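Some notes on the structure that comes next.
A, B, ... follow the sequence lines: proteins, then strands. Residue 1 opens every chain. Given the structure is predicted, the values throughout are model-derived calculations rather than measurements. Values reported hereafter were calculated over all heavy atoms of this structure, with side chains retained and with hydrogens, waters and symmetry mates removed.
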2 protein chains.
Amino acid sequence: MARKRKTDHDSAVAGALDLFWRRGYHGASTRELEQQTGLTRFTLQTTYGGKEKFFLKTLDAYLDNAEARHFPDPETYALDDLAGWFRGIVSAERMPKIEDAGCLAFNSISSFDRSDPEVNTRIERYLTALEGRFAAILSRAKVDGAIRSEVDPDEAARVLIGLLLGLHTIMKARTSDQFPQSYAQAAVGLIEGWKNQ
Amino acid sequence: MARKRKTDHDSAVAGALDLFWRRGYHGASTRELEQQTGLTRFTLQTTYGGKEKFFLKTLDAYLDNAEARHFPDPETYALDDLAGWFRGIVSAERMPKIEDAGCLAFNSISSFDRSDPEVNTRIERYLTALEGRFAAILSRAKVDGAIRSEVDPDEAARVLIGLLLGLHTIMKARTSDQFPQSYAQAAVGLIEGWKNQ
DNA sequence: CTTATTACTATCCACATGGATAGAAATAGC
DNA sequence: GCTATTTCTATCCATGTGGATAGTAATAAG
C-alpha cells in the first residue's frame, strides 16, 4: 500500500553506527547520514523523528550488541580472562584505524552534556551493566579463592571501570599504538596483583 | 600612539578559561567570548589570530597554572599525599558546579580529533608531565621503602593516569556527587594497597 | 486499473557560526 | 593640536546546520 524504502532499518543503523563512531554525534551531519545509511533526510524526520532520536536508536543497538557479545561474561570469566579482555580492548583487530578508537557509549559521555535524560539513561546502562559484570566476575573469583581476601570485589570493579574509561581516553589522546598497550598492560598487572599467592 | 584595549591579556584569558571550561571549545561561540573576555571579535582576529589560536593561549595558561599549583609535588609528596590528591579531585570545593567538572586539558582530548598538532602537543604535555609526577613520587616512595617491592613505579604511574582519566570521565558521566567519590575512594584504596605491611 | 499511502527528490528556510571590512573613536608621540 | 596608529562598533558575508515542504514516483490493497 506504499512505496518501499531503499534501505532497511538494520543496515541503516549499521551505517549510522559506523558514521557516529568515526565522526561523533555532532560531527556527523544529516547529509552524511543520508549517504552512509541510505536513508533520506525526509525519512530520518518522518519515521525516526530527527537526528537525535535516530542516534538514540543507534546507541541502543550498539549497547544491545555490546552486552550480548563484547562485555566480559560473568558466568564463565576467570581472572585471567578478565585480564585478556583488557588486552583485547587495545588490540589491533578491534581498533583497525585510529579514528575507530572508542566505544559509542563512551564517546557519548563527552559528546553530550547531561541535559538530555535519554542520553543519560543509556550512559547509565553502559556503566552499570559493565560494572556489574566486573563485580560478578571478581565476586565469583573471591568465592573460588582466586583473589586475595583483602580485595573487595565492588571496589575493585570500580577501579576497573575507572581504568577502562581511562584506557578509552588514552586511546583518544595518544594516537601511537604503543601508549594504549602499555596502559592496558598496567591494568593487566594490577589484576594479576589481586591473585592469591 | 594607539587606542587602549578595554581588557588586558590576563583577564581576557581568565574569562576565556572559564567559558571554555563550562561550554567546551566548540560550545563557546566567538560572540560569547566577546562577552566573557571583554575582547572584541575584531581583536580576537587581529591580535590573537582567531578563536583556535586564542584557545591555545588559554590552554597554555591553564597548563602553566596546573603544573605550578595543582599537580602533585614530586619533591615532597608521600603516598598518603598522593591519595589525598586523588580525593581532592572530586572534592566539592574544586568542583562547585557540575558543569565545571573536568580539566581543560582533559576536555581537549574529546573536543578535538588528533588532526591538529598544536592541540596534540599540549595534550602530550599534560599527560607526560602528570605521569612524570606520579612516577617520581612512587619511585621515591619505593626508595624510602614505603611501597612494596613488587610495585613497579612506572607501571603504577600508568595505572594512576588511567584512573585519573577514568575519574574525570566518571565526573562527566555521572552527575551525582556520590559516584565520583566512590570511584576516587577506589583509587585511594588501590594506592593504599601498595603500601608496605 | 484505480487509489490511497508511503517514500523520494529537490528546494527552501531560519539560524548560528567564524571571520572580514569599513568607518568612527581613542590615544600617544611629535 | 595635529597625526599616525590601534581598537571599537556595526555590519556584512559565506558556509553549514537540522529541519520543513511540495510535487513526483512507487507500491500494495481493492
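Residues forming a side-chain contact (heavy atoms from CB on, under 4.5 Å) with A:Lys195 (at least two apart in sequence, or on another chain): A:Leu79, A:Asp80, A:Glu192. When the side-chain contact (heavy atoms from CB on, under 4.5 Å) test is applied to B:Asp152, the partners found at least two apart in sequence or on another chain are B:Asp154, B:Glu155.
In summary, the side chains of B:Asn196 and B:Arg148 do not present any donor paired with an acceptor at a separation below 3.5 Å, with no hydrogens or angles considered. No donor-acceptor contact under 3.5 angstrom links the side chains of B:Tyr62 and B:His70, judged on distance only.
Looking at B:Arg69 and B:Asp64, no side-chain N of the basic residue comes within less than 4.0 Å of a carboxylate O on the acidic one, giving no salt bridge. Salt-bridge formation is not detected for the pair B:Glu75/B:Arg140: no Lys NZ or Arg NE/NH1/NH2 atom is positioned less than 4.0 Å from an Asp or Glu carboxylate oxygen.
Residues A:Phe106 and A:Leu164 form no side-chain contact, since every pair of their non-hydrogen atoms from C-beta on lies 4.5 Å or further apart.
Every pair tested for salt bridge (Lys or Arg N to Asp or Glu O under 4.0 Å) that includes a residue from residues 50-59 of chain A fails, sequence neighbours excluded, so the list is empty.
With rounding to whole Å, A:Phe54 atom CZ is found 13 Å from D:dG19 atom P. A:Arg23 has its CZ atom 12 Å from the P atom of D:dG16, to the nearest Å. For the pair A:His26 NE2 and D:dG16 P, the computed distance is 18 Å after rounding to whole Å.
Against DNA chain C, the stretch residues 32-47 of chain B makes heavy-atom approaches under 4.0 Å through B:Arg41, B:Phe42, B:Gln45.
No more than 12 heavy atoms of other residues, nucleotides or ligands shown are found within 6.0 angstrom of CD on B:Gln178.
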**Request:** For side-chain hydrogen bond (donor to acceptor under 3.5 Å, both in side chains), just list the numbers for A:Tyr183 and A:Arg174, CA-CA rounded to whole Å, side-chain angles, deciding distance to a tenth of an Å, and then say yes or no.
**Result:** CA-CA 11 Å; A:Tyr183 287 92; A:Arg174 301 188 138 165; 2.8 Å; yes
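Heavy-atom distances to DNA chain C give each of B:Lys51 and B:Ala2 a nearest nucleotide, and the one nearer the 5′ end belongs to B:Lys51.
Contact annotation: B:Lys6 side-chain N/O to D:dT9 OP1/OP2 distance is under 4.0 Å. In this structure, B:Arg5 reaches the D:dT7 phosphate: one of its side-chain N or O atoms is under 4.0 Å from OP1 or OP2.
Taken to the nearest 0.5 Å, the CD atom of B:Glu124 stands 6.0 Å off from the CG atom of B:Leu127.
In 5' to 3' order, the nucleotides of DNA chain C bounding all contacts with chain B (an atom under 4.0 Å from a heavy atom) are C:dT17 to C:dA28.
An end-to-end axis angle of 0° holds for the helix from C:dC1-D:dG30 to C:dC30-D:dG1, taken from five base pairs per end and rounded to 10°.
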